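Owing to the predicted nature of the structure, the values given are computational and were not obtained by experimental measurement.
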Amino acid sequence: MKFLSYFSAYQFYILALLLNQEKKFKQTVISNLFNKSTKYIRRFLNKTVDFNTLFLKLICILNIDLSQGFFSIDDTSYSKPFCRKLKLVSNLYNHSTKGYTKGYEIVFICWSNGKITLPISFRIWHSTLGKSKIDIGIELVKYARKISNDKNLGFRVDALYNAKKFLGYLHKNHLFFATRLGRGRILFVNGKKCLLKTTIWGKKCIKGWLPGIGYVWVTKYRGKYYCTNRRPDYQRQIYEWYAERWNIECVFRFVKSELKLQDCQAFTFIQHYNHIGYCFLTYGLLQASFPKINAYEAKRRIESMYVTKSVSLKQEVFQLCA
């Protein structure tokens with residue numbers, strides 16, 4: 001990888017994430033891959049790492065202009081149902097299984113210009129933190145404003161972060177946002193109170209007052225309601241702004257399926273925290289090294305360089321040839 005040398009202190013674990021061929025990300029697997037003891041691996045994961053600095057270092061190396069892109073913020077569950085002795089584990093609702101599980105919630109923010117997506121920061125939420133995910137989201141927005149000097153193309157916000165407190169903060173500070181609203185949300189149009197689901201829309205955008213936030217533009221597109229605090233040029237544009245946040249979903253899918261984000265079998269909170277950070281950093285390095293192809297193809301190229309795959313035939317094949 002082109003930029004791996006800039007992160008030489010961490011390249012051992014980054015390569016372990018990329019070259020691991022097992023279903024789980026066990027310390028014994030890393031030990032076999034790189035001839036390192038499991039004690040060495042535990043010591044490595046127990047070190048304090050400032051991932052915000054590492055993410056900014058990658059941005060500086062690439063000479064990225066943050067004003068030419070937008071930020072997306074979302075969260076994903078980090079399920080650990082069988083780690084009963086793991087500290088700070090909370091009960092979480094898993095949207096994919098429609099049930100509750102134990103683990104952590106990762107609140108993540110990334111930057112994208114539509115061509116490349118880079119990690120900016122992340123936080124771990126748990127029930128004993130004393131803050132809500134909305135509070136953490138606002139902290140991440142403040143951090144993004146600081147590193148971009150308020151020069152960016154706004155924020156793409158998941159539907160779970162359309163709370164009054166969160167959108168109110170963005171609107172109050174004149175930060176452009178695009179999000180999706182629930183069909184039961186109240187909107188004041190020309191001083192008249194109405195529900196989104198009972199409003200006749202047609203193919204148009206309506207300017208109205210959203211309680212706790214301010215004047216926004218809302219439209220209905222393909223049965224769902226989209227909202228922004230900037231006047232669009234045409235109806236579909238609000239949906240297009242919101243759809244740009246799909247980049248963050250691609251990050252979550254990749255780190256879970258290809259980098260085994262949730263399959264780490266570490267023993268302590270700090271080890272899991274560092275594992276999460278290295279997964280996001282690895283994704284950023286793949287994007288930086290192979291900007292013209294997707295992360296999946298980039299990972300396959302890395303594997304083709306370093307991994308030798310053996311092919312074995314089932315016994316039935318030999319019976320057919322007999």
Side-chain angles (χ1 to χ4, degrees), residues 70-77 92-100 105 107-110 112 114 125 131-142 144-145 152-250 252-253:
F70 56 88
F71 295 100
S72 298
I73 186 167
D74 199 356
D75 61 75
T76 186
S77 59
L92 307 174
Y93 181 76
N94 193 319
H95 294 277
S96 59
T97 61
K98 305 298 181 182
Y100 284 89
E105 201 78 29
V107 185
F108 177 65
I109 187 169
C110 64
S112 179
W125 178 88
K131 300 178 182 178
S132 67
K133 287 188 289 184
I134 299 299
D135 294 327
I136 295 178
I138 292 175
E139 290 178 2
L140 292 176
V141 169
K142 290 179 179 178
R145 292 180 62 191
N152 56 72
L153 299 181
F155 293 81
R156 311 299 185 262
V157 183
D158 181 53
L160 295 175
Y161 287 86
N162 60 24
K164 294 179 182 179
K165 185 175 182 180
F166 191 87
L167 294 185
Y169 173 83
L170 294 176
H171 193 72
K172 179 181 178 181
N173 290 278
H174 309 288
L175 300 172
F176 167 51
F177 67 80
T179 187
R180 184 163 62 87
L181 299 177
R183 59 196 302 267
R185 202 69 175 258
I186 296 174
L187 183 70
F188 287 86
V189 182
N190 298 324
K192 183 180 178 181
K193 180 180 178 181
C194 59
L195 296 176
L196 295 183
K197 62 182 179 181
T198 60
T199 303
I200 300 176
W201 294 89
K203 295 184 178 181
K204 61 181 180 179
C205 299
I206 295 178
K207 183 180 181 180
W209 177 271
L210 204 59
I213 299 170
Y215 282 108
V216 295
W217 281 264
V218 183
T219 190
K220 184 179 182 180
Y221 185 77
R222 293 183 178 178
K224 295 181 179 179
Y225 303 92
Y226 301 94
C227 171
T228 181
N229 58 346
R230 177 182 295 175
R231 183 172 183 173
D233 296 326
Y234 49 92
Q235 183 214 12
R236 181 183 165 87
Q237 190 173 32
I238 302 182
Y239 166 76
E240 292 174 348
W241 284 332
Y242 175 77
E244 289 176 330
R245 62 163 294 279
W246 183 249
N247 291 320
I248 199 170
E249 297 291 350
C250 293
F252 290 151
R253 287 190 176 191

message: Assess the residue pair E249 and R253 against the criterion (salt bridge (Lys or Arg N to Asp or Glu O under 4.0 Å)); give the C-alpha distance rounded to whole Å, side-chain angles, the decisive distance to 0.1 Å, and a yes or no.
response: CA-CA 6 Å; E249 297 291 350; R253 287 190 176 191; 5.8 Å; no
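Applying the side-chain hydrogen bond (donor to acceptor under 3.5 Å, both in side chains) test to pairs two or more places apart or on separate chains, those with a residue in residues 199-220 are T219-Q235.
Looking at L181 and L210, their side chains come closer than 4.5 Å, going by heavy atoms from C-beta outward. Looking at F177 and C227, their side chains come closer than 4.5 Å, going by heavy atoms from C-beta outward. Contact annotation: the side chain of I138 never approaches that of Y161 to less than 4.5 Å [non-hydrogen atoms, C-beta and beyond].
Judged by distance alone, the side chain of N152 and the main-chain N or O of G154 form a donor-acceptor pair under 3.5 Å. A side-chain donor-acceptor contact under 3.5 Å links T179 to the backbone of V157.
With values rounded to the nearest 0.5 angstrom, H174 atom NE2 is found 10.0 Å from N229 atom CG. Note: S72 OG to Y242 OH = 10.0 Å, rounded to the nearest 0.5 Å. Here the straight-line distance linking atom CZ of R245 with atom SG of C110 works out to 9.5 Å at 0.5 Å rounding. For the atom pair CG (D158) and CD1 (I73), the distance works out to 9.5 Å, reported to the nearest 0.5 Å.
Under the side chain to side chain contact (heavy atoms under 4.5 Å, CB included) criterion, E105 pairs with D75, S77, L92, W125, K133, not counting sequence neighbours. Taking the side chain to side chain contact (heavy atoms under 4.5 Å, CB included) definition, one finds that N247 meets it with F70, S112, T117, sequence neighbours left out. For E139, the side chain to side chain contact (heavy atoms under 4.5 Å, CB included) partners are R123, K131, not counting sequence neighbours. R236 pairs by the side chain to side chain contact (heavy atoms under 4.5 Å, CB included) definition with Y221, R222, Y234, Y239, E240, not counting sequence neighbours.
For F71 and F155, the gap between ring centers is short of 6.0 Å. Taking the six-membered ring for Trp, W241 and F176 have ring centres closer than 6.0 Å.
Closest heavy-atom contact between L187 and G208: CD1-C, 3.8 Å. Considering all non-hydrogen atoms of both residues, I134 and L160 come closest at CD1-O, 4.0 Å. When all heavy atoms are compared, the tightest approach of I238 to C205 is CD1-SG, 3.9 Å. A pairwise comparison of heavy atoms in L195 and G184 identifies CD2-O, 3.5 Å as the closest pair.
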What pairs of donor and acceptor atoms, side-chain ones from residues 162-172 against any protein atom, are under 3.5 angstrom apart with sequence neighbours left out?
unit_1	atom_1	unit_2	atom_2	d
N162	ND2	A159	O	2.8
N162	ND2	R180	O	2.7
K165	NZ	D135	OD1	2.5
Y169	OH	R145	NH1	2.9

